[in-house]
Amino acid sequence: MDREEIQQNLNQVFQDVFEDKSIAVRDDMTASDVKDWDSLNHVTLIVSVEKTFGVRFTTKEVNSLKNVGEMIDLIGKKKNSTGGSSF
Amino acid sequence: MQFVSVEFIVFFGGVFLGFHLAPLAFRKYYLLFVSYVFYAMWSLPYAVLLLAMTGLAYLAARQIEAASNEKGKSRRVRGAVLLFVLTLCFFKYLEPCLYALGESIPRLQGVFSPAIMRIAVPVGISYYLFKIISYVVDVYWEKAPAEKDFAAFAVYVAFFPQILSGPIQRAVSFLPQIKTPLPVSYDTLLSGMRLLLFGFFKKLVIADRLAIFVDGVYGNPASFNSLTLLWACYAYVFQLYADFSGLTDIARGSAKLFGIDSPKNFDLPFFAPNIQQYWRRWHMTLTQWLGDYVFNPLRMALRDHGQTGLALALMINMVLIGIWHGARTTFLAFGIIHGIYLIVSVMTSKGREIFFKKHPALASIRKIGAPLGVFHLVAFAMIFFRAETLEQAWAMIRNIAVLNFSMASSAFFGKKDIVIVGLGILFMEAIHFLQSRAKIQKIFQGTFPIFRWAAYYALTGAILALGQFSTKDFIYFKF
């Protein structure tokens, strides 16, 4: 799965989770750019991303993400490898 | 040392003068020195504890960063966080837990050594340990690098305007301000003074005057009629708000006088349209802290359990907020009530949106009704927060519910008090509203200095003429 494909699928996840068809994800996008992207919805988003891409994140990975671009990179990295620690 | 005391004003004035005479490069060490003097004036042994905790956090963060693999990093962060949490529990909960145990099992009463039972809670321990924990975890999460400058880090932990009751600032926002200090501008000084003045107004004119009424009624709920009790419940909400937001203003204003910008703790909480929003606007630095380091990790850990996992994470988070205030059943009840509020609110939020979309005519009612409803939920939960025992809370609720209007209304709160407090609250909320509008603030700053200074003098006059100078401690000092 290349980066562009990940971004397209991720866009769909964002639109579904935040129920907003106008969302277009960008690399520099952060929680403050999306209405309703708060701490409650954050884990809902993560769970949805995990299901869509068949990956599993750790709490540390989720907390280290600075923007959507890093999320795309992390998904790419996970898709191309297996394993990882927990916490 | 109390914030509202001659002692503090003398100390603060001296420290302020010294700070502005000291060369820029020296300011960090100066603030470190005075912060420790401030703390040691209360307790020297606990100043040593503060230094020890700071040193451990400094070393732990560097060790976490230096660990070569994820396993090592994870082990170190867990060890450090466990140590800080155990330290907090030891000082905050051991004595009340042993006391409760002794009360319920008389045989155990003499077992615990009197030395343990006499351990005092170090002032500000939960605030400085929360700062320390957030820093160590942020280094582990790679949100921030481990700090090399020990003096700067030690100022962050011990900074005297924030140590008593917050706000709980994060290291990433504090450290750059202390490491590369800028000359404090006239505007910053003035805005610091404004915050101080407003804080004292809230504390002395509103909170301490309301305290006379609230303390009198809560002290003996059975001797007042239902309406007076109801008023006391509302009054306490505003007392706590004025007291704690006043204290935060004084802390933030003081910090500004030393060139430090600290985060705000309140953002018009009583205008929140739902209970989630309320908690994003009330004691914000604590709820953000718990959100980042408790709720979100819990949510992640429980994410495979769907709505049950969400409900559990919400409940644990709110129970922790409750008992953070102290080991009392009333605080536990306060946490559980808010846990239930949040679970119901989160679970029904989609349904409510759909309902109101279908009934657009109700939108305007919702706009006014929702914050009013939230306010009443908050006021109800605060009965448990204010009451010293569950029995006292029940007595308040029961005596309100029986709608008895035959007994005395409050004799110790006259018409004059009601007018002062009522106008005071209106003024406070108007200022809060203006503070949230950057444009209006600019207009105020752009008006002729003579009007601004007239407003400052009027506020000072109001404090001196209407304030309650009974040296009543701030409510949040004890948490």
Side-chain angles (χ1 to χ4, degrees), chain A residues 10 13-23 28-75 77-78 80-87, chain B residues 64 67 69-79 81 134 137-144 172 274-277 279-281 284 287-307 309-314 317 342-343 345-347 349-350 353-354 357:
Chain A
L10 192 62
V13 173
F14 269 71
Q15 291 187 352
D16 292 345
V17 169
F18 300 115
E19 292 173 359
D20 181 355
K21 292 287 162 208
S22 68
I23 291 180
D28 62 348
M29 198 173 206
T30 62
S32 56
D33 299 318
V34 181
K35 191 179 164 277
D36 294 337
W37 188 354
D38 55 25
S39 58
L40 273 175
N41 277 331
H42 189 61
V43 178
T44 312
L45 174 73
I46 294 297
V47 171
S48 196
V49 171
E50 286 183 336
K51 272 192 191 144
T52 307
F53 294 96
V55 293
R56 189 89 174 157
F57 300 118
T58 67
T59 304
K60 178 178 178 173
E61 285 166 343
V62 170
N63 275 293
S64 313
L65 296 175
K66 288 183 190 71
N67 52 38
V68 171
E70 289 194 5
M71 189 188 268
I72 295 170
D73 293 337
L74 182 64
I75 296 168
K77 206 175 92 189
K78 292 247 160 191
N80 298 326
S81 66
T82 51
S85 75
S86 60
F87 179 69
Chain B
I64 290 163
N69 56 39
E70 179 52 36
K71 220 174 162 185
K73 284 177 196 282
S74 168
R75 213 175 42 231
R76 286 169 191 185
V77 76
R78 281 163 197 254
V81 170
S134 76
V137 176
D138 278 358
V139 169
Y140 171 67
W141 282 343
E142 292 164 24
K143 280 181 160 179
V172 282
N274 56 50
I275 203 83
Q276 297 101 290
Q277 276 289 334
W279 277 110
R280 259 173 240 147
R281 295 155 169 236
M284 293 155 74
T287 53
Q288 283 158 3
W289 190 95
L290 281 161
D292 287 350
Y293 306 106
V294 178
F295 178 72
N296 280 341
L298 260 176
R299 263 292 266 146
M300 279 296 283
L302 297 168
R303 68 192 187 276
D304 296 331
H305 303 278
Q307 297 291 72
L310 172 60
L312 198 61
L314 283 169
N317 198 46
L342 274 170
I343 292 168
S345 180
V346 169
M347 302 284 175
S349 79
K350 267 199 181 145
E353 288 307 322
I354 294 168
K357 251 184 200 157

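Below, each value reflects all heavy atoms present in this structure, side chains not excepted, and no hydrogens, waters or symmetry copies. Protein chains get the first letters and strands the later ones, always in sequence-line order, with residue 1 at the start of each. Bear in mind the structure is a predicted one, so any value in this text is a computation, not a measurement.
Residue B/D304 touches chain A through its side chain alone, counting heavy-atom pairs closer than 4.5 Å. Looking at B/Q276, only its side chain comes within 4.5 Å of chain A, counting heavy atoms on both sides.
Residues of residues 41-54 of chain A lying under 4.5 angstrom from chain B, judged on non-hydrogen atoms, are A/V43, A/T44, A/I46, A/V47, A/E50 by number.
Distance OG1/A/T59 to CZ/B/R303: 6.5 Å, rounded to 0.5 Å. Note that CE of B/M300 is 8.0 Å distant from CG of A/N63, once rounded to the nearest 0.5 Å. We find the CG-CD distance between A/L65 and B/E142 to be 11.0 Å, quoted to the nearest 0.5 Å.
For the pair B/K350 and A/E19, the minimum side-chain heavy-atom distance is below 4.5 Å.
Applying the 6.0 Å contact sphere to NZ of A/K21 captures more than 12 heavy atoms from other residues, nucleotides or ligands.
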